[in-house]
There are 2 protein chains.
Amino acid sequence: MPYQDGTYGCPVDVAVQMISGKWKPRLIFELQGQTRRFGELHRLLPGVSKHVLTVQLRELEKDGIISRTVIPTIPPQVNYNLTEFGSNLTPILEQMIKLGEVRISKEKEIKDKDRGEN
Amino acid sequence: MPYQDGTYGCPVDVAVQMISGKWKPRLIFELQGQTRRFGELHRLLPGVSKHVLTVQLRELEKDGIISRTVIPTIPPQVNYNLTEFGSNLTPILEQMIKLGEVRISKEKEIKDKDRGEN
DNA sequence: CAGGATCCGGGCCGATACTG
DNA sequence: CAGTATCGGCCCGGATCCTG
């Protein structure tokens with residue numbers, strides 16, 4: 001959202017706002033190239049409650065990152081997809097995965113070293 | 001941090017933990033290839049208090065992303081740098097900037113369209 | 001100059017119960 | 001199945017004042 005003078009904030013901050021939320025990056029990741037149902041996402045993210053999951057999904061939808069499609073059957077079915085705009089987030093996720101892996105292997109080293117010293 | 005069974009979480013979540021914090025991505029961005037002093041960072045991020053800035057810097061330091069160097073002059077001088085490990089975050093920042101720019105130009109379009117309709 | 005100490009408010013997140 | 005409704009805790013972030 002622009003300031004009153006019509007200017008916009010730093011691109012970094014803008015991006016931060018879009019993906020900030022404890023589960024959003026994970027959700028975007030799980031929706032890469034796949035349609036997922038609500039319950040599916042709920043199972044894929046152990047620890048998230050349905051309430052919080054709903055809120056995060058709604059925010060992503062409002063930001064134009066994902067789309068939500070309701071199929072009015074009984075029982076109902078709701079599908080989530082990445083939008084075209086949302087696919088712009090893919091490179092970020094890829095880099096986050098790389099970073100996470102680097103970090104994990106670094107921790108493994110430390111742990112292995114500690115074991116060697118005891 | 002690993003679980004008790006020695007396994008590690010999803011790389012995405014690990015990365016999220018590292019960069020989550022309202023000002024962290026901005027701080028990492030401002031430290032790309034440059035040494036910066038505390039006051040400098042404080043001026044570069046309008047809106048952040050010294051207290052919060054300190055906390056965020058300390059967390060980044062604890063995670064091994066930045067280094068903190070004190071030069072005991074009067075008045076004191078404290079320099080911050082990205083560590084070698086921290087430079088692993090550069091690709092993420094680049095992608096976040098791209099994303100932010102896409103988003104900003106998209107909002108500009110909408111605003112221009114609205115102006116045309118009124 | 002670069003913080004530490006203290007207080008505080010909000011919203012982020014989660015648990016539980018209920019529903020079309 | 002895919003949510004809503006309600007409640008509550010807790011921590012993040014901010015304001016203010018103080019210091020070597």
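Values reported hereafter were calculated over all heavy atoms of this structure, with side chains retained and with hydrogens, waters and symmetry mates removed. Every chain is numbered from 1 and lettered A, B, ... according to where its sequence line falls, protein lines coming before strand lines.
- The CZ atom of B:Arg58 sits 14 Å away from the C1' atom of C:dA5 (whole-angstrom rounding).
- Here the side chains of A:Phe38 and A:Leu53 are in contact, with some heavy-atom distance below 4.5 Å.
- Residues passing the side-chain hydrogen bond (donor to acceptor under 3.5 Å, both in side chains) test with B:Lys24, sequence neighbours excluded: B:Glu59.
- Place A:Gln56 and B:Gly39 on DNA chain C by their nearest nucleotides, and B:Gly39 ends up nearer the 5' end.
- Between the CG atom of B:Leu45 and the C1' atom of D:dG13 there is a distance of 14 Å, given to the nearest Å.
- One interatomic measurement links the two molecules: CZ of A:Arg36 to P of D:dC1, which rounds to 16 Å at whole-angstrom precision.
- For B:Lys22, counting side-chain heavy atoms from C-beta on, the closest listed nucleotide (C:dA15, C:dG4, D:dG13) is D:dG13.
- Protein atom CG of B:Asn79 is 8 Å distant from nucleotide atom P of C:dA2, rounded to whole Å.
- Between C:dA2 and B:Arg37, a contact under 4.0 Å exists linking OP1 or OP2 to a side-chain N or O.
- Remark: C1' of D:dA15 and CG of B:Leu53 are 15 Å apart, rounded to the nearest angstrom.
- Set against D:dT6, C:dC1, D:dA2, the side chain of A:His51 has D:dT6 as its closest nucleotide.
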Take A:Lys113 and A:Glu109 through the salt bridge (Lys or Arg N to Asp or Glu O under 4.0 Å) test and state the conclusion after the steps. CA-CA 6 Å; A:Lys113 214 189 63 177; A:Glu109 278 176 33; over 6 Å; no

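- With rounding to whole Å, B:Leu41 atom CG is found 9 Å from C:dA2 atom P.
- End-to-end axis angle for the helix from C:dC1-D:dG20 to C:dG20-D:dC1, using five pairs per end and rounding to 10°, comes out at 60°.
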With side-chain contact (heavy atoms from CB on, under 4.5 Å) as the criterion, how do B:Glu30 and B:Leu45 come out once you've worked through the C-alpha distance, each side chain's angles and the decisive distance to 0.1 Å? CA-CA 9 Å; B:Glu30 302 295 350; B:Leu45 307 205; 4.1 Å; yes

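- Between the A:Arg26 side chain and the A:Leu44 main chain, a donor and an acceptor come within less than 3.5 Å of each other.
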Go through it in stages, so that I can follow the logic: the residues are A:Ile104 and A:Lys108, the test is side-chain contact (heavy atoms from CB on, under 4.5 Å), and I'd like the CA-CA distance, side-chain angles, deciding distance and then a yes or no. CA-CA 6 Å; A:Ile104 289 170; A:Lys108 275 211 173 84; 4.1 Å; yes

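- Rounded to a whole Å, the NZ atom of A:Lys50 is 17 Å from the C1' atom of C:dC13.
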For B:Leu60 and B:Leu31, run side-chain contact (heavy atoms from CB on, under 4.5 Å): C-alpha distance rounded to whole Å, both residues' side-chain angles, the deciding distance at 0.1 Å, then the answer. CA-CA 12 Å; B:Leu60 287 171; B:Leu31 289 172; 5.9 Å; no

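- Within residues 62-77 of chain B, the residues having any heavy atom under 4.0 Å from DNA chain C are, by residue number, B:Arg68, B:Pro75, B:Pro76.
- What separates CG of A:Leu57 from P of C:dC13 is a distance of 13 Å, to the nearest Å.
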Test A:Arg37 against A:Asn79 for side-chain contact (heavy atoms from CB on, under 4.5 Å), laying out the working first. CA-CA 5 Å; A:Arg37 301 183 55 177; A:Asn79 293 325; 3.4 Å; yes

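- Counting any heavy atom pair closer than 4.0 Å across all strands shown, A:Val52 reaches a base atom.
- Contact annotation for B:Glu59: no contact, since no heavy-atom pair falls under 4.0 Å across all strands.
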Audit row: B:Glu107, B:Arg103, salt bridge (Lys or Arg N to Asp or Glu O under 4.0 Å) steps and yes/no: CA-CA 6 Å; B:Glu107 294 207 345; B:Arg103 159 62 108 170; 3.7 Å; yes

